[in-house]
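Step one of this worksheet: look at the structure below.
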Amino acid sequence: MKWTQYFIPTQKEAPADAVVPSHQLMIRAGLIRQVVAGAYSYLPLGYRSLRKIEAIVREEMDAAGALELNMPAMHPIELWEQTGRVEAMGDVLVRLGGGSGDDWRSRVVLGPTHEEVITEHARAFVNSYKQLPLTFYQIQTKFRGEARPKSGVLRTREFLMKDAYSFHLAKEEAGGLDETYERMYGAYSTIFGRCGLPYVPVEAESGPIGGDASHEFMVPTDAGEDYLVRAEDGEYRANLERAEVAPLDDKGDGTDQAMAEVHTPGLGTIDEVSNFLKCEPCRMIKTIIYESEGEPIVALVRGDHAVNESKFARAAGVPFVEPASPELITKLTKADVGFAGPVALDARVIADQAVTVMHDAVTGANKTDHHLTGVNPGRDFEIKSSADIRMAVEGDRAPNGSPLVFEKCIEVGHVFKLGTKYSSAMEATCLDQNGRPQPFIMGCYGIGLNRIMAAAIESFHDDRGICWPMAIAPFQAVICALDMREETVVKVAGEVHDQLVAAGVDVLLDDRDARPGFKFKDAELVGFPIRITVGKRGLAEGIAEIQNRRTGDVQKVAPDAVADIVAKMVEDAIREERT
RNA sequence: CGGGGCGUGGCGCAGUCCGGUAGCGCACCUGCUUUGGGAGCAGGAAGUCGCAGGUUCGAAUCCUGUCGCCCCGACCA
């Protein structure tokens with residue numbers, strides 16, 4: 001392919017709107033163009049890269065035994081009503097709307113994910129355990145009404161996703177969910193590895209479904225909006241929602257103060273009380289009242305800690321918790337919201353472990369406009385139940401005692417054991433060995449293809465431009481033909497190009513009539529992993545140059561030798577980049 | 001949805017406070033020169049200043065409304 005016949009609108013300057021490196025570079029390198037907030041066109045060069053990512057995903061999913069199909073973006077809203085997700089998704093579910101109430105548009109939504117549709121298909125066609133296990137996947141455009149798209153293609157309203165769904169009647173047994181989950185986990189590792197990403201699989205929060213049934217694949221980068229937490233010794237890692245912390249030591253720093261009531265008029269938040277009483281938030285006990293199925297459950301955490309509702313619900317043994325209504329809080333504490341405390345509180349209370357080692361603490365007094373000081377857990381209120389129910393923070397240690405470190409990251413993939421959530425709701429059943437209908441046990445597995453591309457750029461760029469991993473670079477190599485008016489340069493560059501193509505290298509010949517510096521800058525901006533320089537000066541010595549974009553290493557070789565060497569470099573790079 | 005910022009050729013910006021009929025750099029077109037790190041000179045094309053009202057002899061500029069985009073936060077199967 002010749003540059004003059006291709007289409008690469010590079011720009012010297014990035015738009016002021018673009019903030020993160022991948023966004024700036026994707027625009028500057030002519031990979032994408034924004035159409036509206038949260039939706040981008042992929043220009044030919046960008047689409048080439050996306051297609052390479054797609055090919056890798058497809059190969060590995062096929063190899064893992066998943067069957068490719070294609071489902072529509074348009075779904076009847078009835079399917080979403082069956083699983084109760086019209087409410088659950090809220091504004092994220094993109095409705096076509098328009099027209100009158102009985103217009104077909106008001107009954108159609110654009111799919112943000114496809115559990116409902118695929119479960120309908122399984123319900124329709126899969127009748128016997130003998131057909132199982134089954135895994136379907138597709139690579140398809142998703143629509144989500146994100147409140148705030150951001151960071152270029154990292155968070156958009158329309159994006160390309162590989163979503164897979166597996167169907168089983170068994171869990172641990174052969175052919176069960178666990179087996180497929182493991183296989184998908186392996187396929188994901190291979191996919192992100194082949195794409196050259198420094199990915200980290202982490203335990204993720206699985207929400208109301210419970211269990212250790214979810215992993216996310218993260219790529220560390222400042223542009224990300226998630227956090228991954230890992231132990232310094234590398235023995236433990238999880239996402240922020242999931243991260244467990246080791247119990248804190250009892251510093252024994254109490255003086256066994258007497259409990260006293262203080263007047264704190266109108267001061268209902270930790271910050272307000274902390275300022276008023278000149279008391280560090282870490283010396284306060286935060287009393288947060290939740291409810292589950294109408295019953296109040298109270299969480300106690302240190303003032304500078306936050307309740308992790310998933311951990312809390314798990315500790316409480318309930319599917320999920322929600323913040324209690326102000327009415328319930330008032331009824332329980334006999335005080336306005338903001339003055340709850342554990343002393344003499346008649347409710348089920350779970351204290352975070354960190355609270356159990358506090359001394360002389362400040363808490364709400366269960367009396368409007370009053371707090372208590374000198375509160376000592378165990379002495380002033382009984383701790384019937386304690387657990388790790390808070391979010392990890394800097395300074396915490398992993399369960400094995402190793403310090404936790406926090407890293408910003410992008411989620412590029414997620415594997416999830418769904419269980420029977422959707423099959424039960426949609427009455428999608430299958431006959432087991434005993435001829436009894438059982439709801440499918442399902443797994444789902446997603447990858448954001450656009451995010452792979454952006455994450456690769458976030459991970460691999462410098463001040464000059466992108467440094468693509470070989471496997472997903474739009475072109476593996478570029479030939480900079482210096483001085484297109486020189487016949488020998490044109491001739492040799494053309495020959496090198498043809499030999500590279502014959503050797504199976506994906507190469508672009510920069511045949512523009514431009515000055516050398518101009519071509520080099522563009523080559524570095526676009527980030528071709530290998531640059532071959534064919535110029536009058538080199539040819540006079542009988543050589544062409546081969547340069548590695550990442551290392552900058554240069555080899556000078558005879559033009560005839562370029563194709564073999566570069567083909568080998570491409571092969572080696574694809575193997576070595578694999579993480 | 002709350003807070004903030006910004007809309008002027010493809011991109012980056014000035015001009016807005018103080019109203020007088022739109023300018024600079026990059027990119028683009030033509031010609032000549034130049035060719036190993038984003039060339040030089042000359043000529044040229046391209047913007048109803050986001051949109052709609054209003055004030056005024058006159059609006060990019062003032063007023064009102066509206067739309068869009070970006071950032072922070074809330075939210076995120």
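Chain A is the first sequence line, chain B the second, and so forth, proteins listed ahead of strands; every chain is numbered from 1.
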When you compare [N] with [M], how far apart are their [atom1] atoms, in angstrom units rounded to a whole number?
N: A14(B); M: A22(B); atom1: C1'; value: 11 Å
N: U64(B); M: U21(B); atom1: C1'; value: 24 Å
N: A42(B); M: C24(B); atom1: P; value: 14 Å
N: G38(B); M: C26(B); atom1: P; value: 14 Å
N: G23(B); M: C49(B); atom1: C1'; value: 12 Å

State, without any angle test, whether K171(A) and Y181(A) hold a side-chain donor-acceptor pair at a distance under 3.5 Å. no
Answer with yes or no whether the side chains of Y445(A) and S166(A) bring together a donor and an acceptor at under 3.5 Å. yes
Base, sugar-phosphate or nothing for E116(A)? Non-hydrogen atoms, less than 4.0 Å. nothing
Does OP1 or OP2 of G38(B) have a side-chain N or O of R515(A) closer than 4.0 Å? no
Can the positive tip of R549(A) be found less than 6.0 Å from the middle of the six-membered ring of F528(A), inside 45° of the ring normal?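 No, a cation-pi geometry is absent between R549(A) and F528(A).
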Taking protein heavy atoms under 4.0 Å as touching, what does nucleotides 68-73 of chain B look like 5' to 3' if B marks base contact, S marks sugar-phosphate-only contact and - marks none? -SSBBB
From the options U34(B), G36(B), A77(B), select the nucleotide whose nearest atom is closest to the side chain of R144(A).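 When the side chain of R144(A) is considered, A77(B) is the closest of U34(B), G36(B), A77(B).
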Tell me, please, which residues at least two apart from Y6(A) pass side-chain contact (heavy atoms from CB on, under 4.5 Å).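 For Y6(A) the side-chain contact (heavy atoms from CB on, under 4.5 Å) partners, ignoring immediate neighbours, are M1(A), I8(A), P44(A), L45(A), R48(A), F475(A), L508(A).
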